[in-house]
Amino acid sequence: MKKTWYAYPYLVWMTIFIVVPLFLLLFYTFTATTEEGIRFTLQHIKRVCEPIYLMVLLRSILLALICTVVCLLIGYPVALILANKEYSQNKVLALLFVIPMWINFLVRTYAWMSLLGKNGLIDMVMDFLRLPPVQLLYTDHAVVLGMVYNFLPFMVLPIYSVLAKMDKSIIEAAEDLGADYITVLKRIIIPLSLPGVISGITMVFMPAVTTFIISRLLGGGQYILIGNLIEQQFIVVGDWNFGSAISFVLTVIILISMGIMRKYDREYEGGAIW
Amino acid sequence: MVGRIIKRVYLYLIFLFLYAPIVVLVAYSFNESRSRGRWGGFTLRWYAELFRDTEVLRALYNTLAIAVLSAVIATVIGTAAAIGIHEMKRIKKVIVMNLTYLPVINPDIVTGVSLMLLFVFTKPFTQLGLGFFTMLLAHITFNIPYVILSVLPKLKQLDKHVYEAALDLGATPSYALRKVVIPQIMPGIVTGFLLAFTLSIDDFVISFFTTGSGVSNIAIYVYSMARRGVNPKINALSTIMFVTVLALLLIVNKRMSKDNPKVKESVRSTTHHLKKRGLVKSPG
């Protein structure tokens, strides 16, 4: 049965709406329009490397890394507990963990605005405890908090799915041979769950480094991450060349981090989500 | 014993962290007082204001229209593409599948701005300004790969001898396709459609960059309001969105419990895909 031509409309569609736009992005990144016409240039990429923009880039990566580490520290025990015998039969618990993922991302971020803001719930609690109010909204802490809140399930679920599939008899064997819980955790559970950990790290780091909603809503108007910089260049300033150059650099960062993760993934073999 | 209690407390704390903001959000949507610090009594005022706001109603209409249209078109193109890709030779298949994964892996913001570049760049030729139609095109584009990824596994499970038998018995290829292949891959198609519909309703980033001049969907509306600070009307809108999602989940679960294996299968794989999508990429 020769039906390959069924895919042709799709191929045409994807060429127009995926391939051509990416080439346009490259085109804008590496050209400048002068009086003599369009010419090749590296000036936009050079501009991204100016200290002021480099700082934005570094801050985005730093905040995303902090978020990833916090998610791992909080999320690993959660996955461990959920995958445990007593809880693994509990469908409601698993569902309760998945429901927040169904809620629109903006709504989840917005929810924190009323908690953190002036006269918000946290201020009220502090007031009740006769402590001075803390201004959390529009700070670094609020942005990291928003990221952790939004991306925690992306860390827990891949680790959980690897842990749930793990052969429990290996753990029993280790226990029979006299290993205590810490040793089992260190020598068996954690090494075997590494593919899940790696997927989790990728899935938290990538959206965290590209976000512009969390920083805009919880970080305030003047708070700039790489995503905000791109938004600003395209929506407000209208400097497409520079905007494209930043998007290009961002894509390269994503590809590099994905390459590193893939490499580790292959070393630990299988079990990963993708 | 102590370990057990610690585990339980830890889990409850995590659930508190996950749900407290949402509970507070819902509670404030019924708060008479505009200031968040005080409880001014129960009211439905913000909901009434929301439904009187023509901007919200227009955004709701845009969201639903684009979700339905983009899901239908993406399902048609994507299903045909999956059938075609399934028949391809190895090398060609690998190339096409990599193309398919491209928008799935690429950050939303990069897909968004590159589509915006395309639409603005081609405007002199197509006379097509940023608005409803460009947003629809963008949604179809990011939906197609998910339809393909839902249908392909079903095609792989398909017994190709059944199709050949139909041909031997005198069916034309297109008749056999309609009567033999399509019914068997139907669960995958339904899954793909539901997935596309959900992703379209949920999308903010790509819509944000591919729309213009006053055309917005619900997500863009929420963003533009939230940017200006907390507003009880957004709390009301968010509550409605949350309740809708919960209701959909319950309906899906109920349909699952009825003994309809086909629906059950499609629903199960939808949730699976949604989870997977959450794992592959997240908006924002």
Side-chain angles (χ1 to χ4, degrees), chain A residues 1-7 9-10 13-14 17-18 20-22 24-25 28 77-78 81 96 98 100-107 110-115 117 119-121 124 151 153-154 157-158 199 203 206-207 210-214 216-217 227 230 234 240 243 247 250-251 254 273-274, chain B residues 7 10-11 14-15 17-18 21-22 24-25 28 35-37 77-78 80-81 83-85 87-88 96 99 102-103 106-110 113-118 121 137 141 144 163 173 202 204 209 219 222-223 226-227 230 234 238 241-242 245-246 249 275-276 278-284:
Chain A
M1 34 183 189
K2 277 279 150 263
K3 291 189 297 249
T4 47
W5 64 268
Y6 276 60
Y10 164 69
W13 188 286
M14 287 319 247
F17 292 105
I18 290 293
V20 172
L22 287 179
L24 268 178
L25 197 77
Y28 276 103
V78 177
I81 296 170
L96 274 176
V98 175
M101 288 177 67
W102 287 63
I103 302 168
N104 190 287
F105 185 80
L106 275 164
V107 171
Y110 171 75
W112 276 99
M113 287 178 76
S114 5
L115 278 179
N119 303 322
L121 202 71
M124 272 160 63
F151 304 135
F154 301 142
L157 288 174
S199 321
M203 279 150 208
M206 307 273 169
T210 62
T211 187
F212 72 96
I213 300 166
I214 298 175
R216 184 68 176 77
L217 293 185
I230 296 175
F234 278 98
W240 292 2
S247 311
L250 180 65
T251 313
I254 295 282
I273 312 294
W274 45 274
Chain B
K7 274 183 197 166
Y10 186 72
L11 218 52
I14 293 294
F15 281 127
F17 174 63
L18 286 177
I22 293 163
V24 172
L25 180 90
Y28 278 136
S35 99
R36 279 153 289 136
I77 299 178
I83 293 171
I85 292 169
E87 296 294 312
M88 280 175 185
V96 175
L99 179 69
L102 203 58
N106 223 352
D108 272 351
I109 191 168
V110 176
V113 296
S114 63
L115 277 167
M116 178 188 174
L117 284 179
L118 174 80
F121 190 79
L137 289 175
T141 307
I144 298 175
Y163 175 78
D202 208 45
F204 165 72
F209 284 105
V222 171
Y223 179 69
R227 221 156 39 162
V230 178
I234 311 180
S238 305
M241 287 161 82
F242 177 56
V245 165
L246 264 188
L249 267 180
K275 273 191 216 160
K276 204 163 149 187
L279 298 175
V280 169
K281 138 175 146 166
S282 116

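Order of the sequence lines sets the chain letters (A, B, ...), proteins ahead of strands, with each chain counted from 1.
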Answer key: most heavy-atom pairs under 4.5 Å with chain B among A:Asn104, A:Leu22, A:Ile103, A:Val20 is A:Asn104

Bottom line for B:Leu115: the part with an atom under 4.5 Å from chain A's heavy atoms is both

Could you walk me through whether B:Phe121 and A:Tyr28 pass the side chain to side chain contact (heavy atoms under 4.5 Å, CB included) check?
-> CA-CA 11 Å; B:Phe121 190 79; A:Tyr28 276 103; 3.4 Å; yes

Against chain B, label A:Ile254 side chain, backbone, both or neither, depending on which of its atoms sit under 4.5 Å from a heavy atom there.
-> side chain

Could you tell me which of A:Ala7, A:Gly227, A:Pro9, A:Ser247 has the largest number of non-hydrogen atom pairs under 4.5 Å with chain B?
-> A:Ala7

When rounded to the nearest 0.5 angstrom, what distance separates CH2 in A:Trp112 from CD1 in B:Ile22?
-> 10.0 Å

Side chain to side chain contact (heavy atoms under 4.5 Å, CB included) between A:Thr210 and B:Asp108: does it pass, once the steps are laid out?
-> CA-CA 8 Å; A:Thr210 62; B:Asp108 272 351; over 6 Å; no

Contacting region of B:Ile14 [heavy-atom separation from chain A under 4.5 Å] | side chain

Could you tell me which non-hydrogen atom of B:Pro103 sits nearest to which non-hydrogen atom of A:Ile18, and how far apart they are?
-> CB-CD1, 3.8 Å

Can A:Val78 and B:Tyr10 be said to form a side chain to side chain contact (heavy atoms under 4.5 Å, CB included), step by step?
-> CA-CA 8 Å; A:Val78 177; B:Tyr10 186 72; 3.6 Å; yes

Can you tell which part of A:Leu24 gets under 4.5 Å to a heavy atom of chain B, answering side chain, backbone, both or neither?
-> both

Under 4.5 Å from a heavy atom of chain A, the part of B:Phe242 involved = side chain

Here the gap from B:Phe204 atom CZ to A:Phe105 atom CZ, rounded to the nearest 0.5 Å, amounts to 10.0 Å

B:Ile85 versus chain A, the contacting section by heavy-atom distance below 4.5 Å | both

Give, as side chain, backbone, both or neither, the part of B:Met241 having an atom under 4.5 angstrom from any heavy atom of chain A.
-> side chain

Heavy-atom distances under 4.5 Å only: say whether B:Ile234 touches chain A with side chain, backbone, both or neither.
-> both

Go through the atoms of B:Ile109 and report whether side chain, backbone, both or neither lie under 4.5 Å from a heavy atom of chain A.
-> side chain

All heavy atoms of B:Ser114 vs all of A:Pro21, minimum pair found to be O-CB, 3.3 Å

Which of parallel (below 30°), tilted (30 to 60°) and perpendicular (above 60°) describes A:Phe212 and B:Tyr223?
-> perpendicular

For the student: nearest non-hydrogen atoms of B:Ala226 and A:Tyr110, plus distance | CB-CD1, 3.7 Å

Nearest heavy-atom neighbours spanning B:Thr141 and A:Met14 | O-CE, 4.0 Å

Sort B:Leu25 into side chain, backbone, both or neither according to what part of it lies under 4.5 angstrom from a heavy atom of chain A.
-> side chain

Partner residues of A:Phe17 under the ring pair (Phe, Tyr, Trp, His ring centres under 6.0 Å) criterion, sequence neighbours left out = A:Trp13

Flag the one option from B:Ala80, B:Gly78, B:Pro173 with the top tally of heavy-atom pairs under 4.5 Å to chain A.
-> B:Ala80

Which of B:Ile144, B:Val24, B:Leu246, B:Val222 touches chain A most, by non-hydrogen pairs under 4.5 Å | B:Ile144

